[in-house]
**Q** 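Quick one: the structure is below, questions incoming.
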Amino acid sequence: LQIGLEKTSMIDQPTAPKPRDPRALNAYRHGLTGQIHFATPAEQAAYEKHCRGYLESLAPVGPVETDLAQSIAVDRWRLKRAAAIENSTFAMGLATGEANPDGNPEIEASFAQARVWLDDGKNLQLLALYEHRIHSHVDKNMKMLRQLQQDRNAALEQAAEEVALLTQLAESKGETYDVERDFPLESLPPQFVFSTPEIARLAAHRRRLAEAKTQSSAPRKAFRQAA
């Protein structure tokens with residue numbers, strides 16, 4: 001009976017969970033790309049921080065610009081990884097290199113780097129080609145993103161100018177120009193993402209700015225005429 005109780009108590013005792021291996025991979029689906037990524041928790045956190053920084057800096061608007069900005073962020077991450085692989089390759093050579101007879105650590109480091117280049121030169125050249133192609137891809141996507149942003153801002157400026165002129169015309173006739181009611185949104189390009197209140201706010205800002213410039217330049221003209 002005592003033996004049975006001892007066995008029962010041993011079975012009932014909770015086992016402590018095994019510590020998680022920091023090298024274990026997490027699988028997660030990226031919210032922007034929809035693709036599944038495998039990474040360690042630390043690498044995943046660094047990757048997400050890296051992408052957030054680029055998206056905040058590039059300030060994309062709409063799905064097309066966001067997709068280009070995300071591609072740029074991913075490619076920049078790949079460039080960082082390529083540089084890390086190159087550094088790790090040379091570090092492995094330093095760790096496994098043979099000591100030279102003089103025992104000088106600087107000479108050992110130089111010899112080790114030379115051995116790595118001789119042994120893994122082809123792979124390092126492929127890595128350099130890999131980096132060059134990623135750089136080209138980043139430049140291409142950056143130009144496309146900047147062009148889209150320029151076109152979007154130009155369309156907003158044109159719409160605001162039209163609203164300002166139409167508002168001025170309506171006021172000269174004693175009428176009221178309602179942007180939400182009177183402005184034809186179908187005249188805007190398909191990729192236009194701004195709302196009519198945003199257009200009206202920019203148009204009002206431009207009118208006030210023009211009035212301020214007129215008032216600030218009037219005293220100067222009067223002073224010049226008096227002189």
**Q** Could you tell me the separation between the CZ atom of Arg81 and the CG atom of Leu127, rounded to the nearest 0.5 Å?
**A**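 The distance works out to 10.5 Å.
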
**Q** Distance check, rounded to the nearest 0.5 Å: Leu209 atom CG versus Thr214 atom OG1?
**A**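 Between Leu209 CG and Thr214 OG1, I get 9.5 Å after rounding to 0.5 Å.
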
**Q** Hey, any chance Leu79 and Leu58 share a hydrophobic cluster, counting ILVMFWY side chains that come within less than 4.5 Å of each other, even indirectly?
**A**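 Yes.
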
**Q** For Thr66 and Leu55, work out which heavy atoms get closest and say how close.
**A**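 That closest heavy-atom pairing would be O-CD2, 4.3 Å.
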
**Q** Indicate the atoms forming the closest heavy-atom contact of Leu169 with Ser172, along with that distance.
**A**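 Looks like O-OG, 2.5 Å.
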
**Q** For the residue pair His50 and Trp77, what are the closest heavy atoms and their distance?
**A**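 In this case the closest contact between His50 and Trp77 is NE2-N, 3.5 Å.
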
**Q** Would you find a donor on one side and an acceptor on the other, under 3.5 Å apart, between the side chain of Glu48 and the backbone of Ala45?
**A**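 Not a single qualifying donor-acceptor pair exists.
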
**Q** Go through Lys143 and Arg146 one step at a time and tell me if the side chain to side chain contact (heavy atoms under 4.5 Å, CB included) criterion holds.
**A** CA-CA 5 Å; Lys143 290 179 181 178; Arg146 293 308 185 199; 5.9 Å; no

**Q** Side-chain heavy atoms under 4.5 angstrom apart, residues restricted to Ile, Leu, Val, Met, Phe, Trp, Tyr: same cluster for Phe183 and Leu165?
**A**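 No; Leu165 is not reachable from Phe183 via cluster members.
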
**Q** Salt bridge check: are Glu171 and Arg207 linked by an N-O gap of less than 4.0 Å?
**A**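 The answer is yes: the pair qualifies as a salt bridge.
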
**Q** Under 3.5 Å, side chain of Ser71 to main-chain N/O of Asp67, donor-acceptor pair present?
**A**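 The answer is yes, because a donor-acceptor pair under 3.5 Å joins these two groups.
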
**Q** Checking side chain to side chain contact (heavy atoms under 4.5 Å, CB included) for the pair Arg76/His135: CA distance, chi angles, key distance, verdict?
**A** CA-CA 8 Å; Arg76 295 299 303 180; His135 271 296; 3.7 Å; yes

**Q** May I ask you to check whether Glu157 and Asn153 show a side-chain donor-acceptor distance below 3.5 Å?
**A**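 Checked: Glu157/Asn153 side chains show no N/O donor-acceptor pair below 3.5 Å.
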
**Q** Evaluate side chain to side chain contact (heavy atoms under 4.5 Å, CB included) for Val64 paired with Leu148, printing each intermediate quantity in order.
**A** CA-CA 9 Å; Val64 178; Leu148 286 174; 3.7 Å; yes

**Q** Identify the two heavy atoms, one from Ala203 and one from Ala160, that lie closest to each other, and give their separation to 0.1 Å.
**A**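 Looking at all heavy atoms of both residues, the shortest contact is CB-O, 3.4 Å.
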
**Q** Rounded to the nearest 0.5 Å, what separation is found between the CD atom of Gln147 and the CD atom of Gln149?
**A**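 Rounded to the nearest 0.5 Å, the CD-CD separation comes out at 10.5 Å.
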
**Q** What is the distance from atom CD of Gln150 to atom CZ of Arg152, rounded to the nearest 0.5 Å?
**A**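 That separation rounds to 10.5 Å.
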
**Q** When rounded to the nearest 0.5 angstrom, what is the spacing between CD1 in Ile199 and CD in Glu161?
**A**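 The CD1 atom of Ile199 sits 13.0 Å away from the CD atom of Glu161.
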
**Q** Heavy atoms, side chains only, cut-off 4.5 Å: are Val74 and Tyr47 in contact?
**A**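 In short, these two side chains touch, coming nearer than 4.5 Å.
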
**Q** Compare every heavy atom of Cys51 with every heavy atom of Gln70, then report the nearest pair and how far apart it is.
**A**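 It is NE2-SG, 3.8 Å.
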
**Q** What distance do Ile72 atom CD1 and Met144 atom CE have between them, rounded to the nearest 0.5 Å?
**A**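 With rounding to 0.5 Å, CD1 (Ile72) is 9.5 Å from CE (Met144).
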
**Q** Is any side-chain heavy atom of His137 closer than 4.5 Å to a side-chain heavy atom of Asn141?
**A**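 In contact.
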
**Q** Where is the tightest heavy-atom contact between Val179 and Thr196, given as atom of each residue plus distance?
**A**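 In this case the closest contact between Val179 and Thr196 is CG1-O, 3.8 Å.
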
**Q** Do NZ/NE/NH1/NH2 and the carboxylate oxygens of Glu131 and Arg78 come within less than 4.0 Å?
**A**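 Looking at Arg78 together with Glu131, the answer is no, because their closest N to O distance does not fall below 4.0 Å.
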
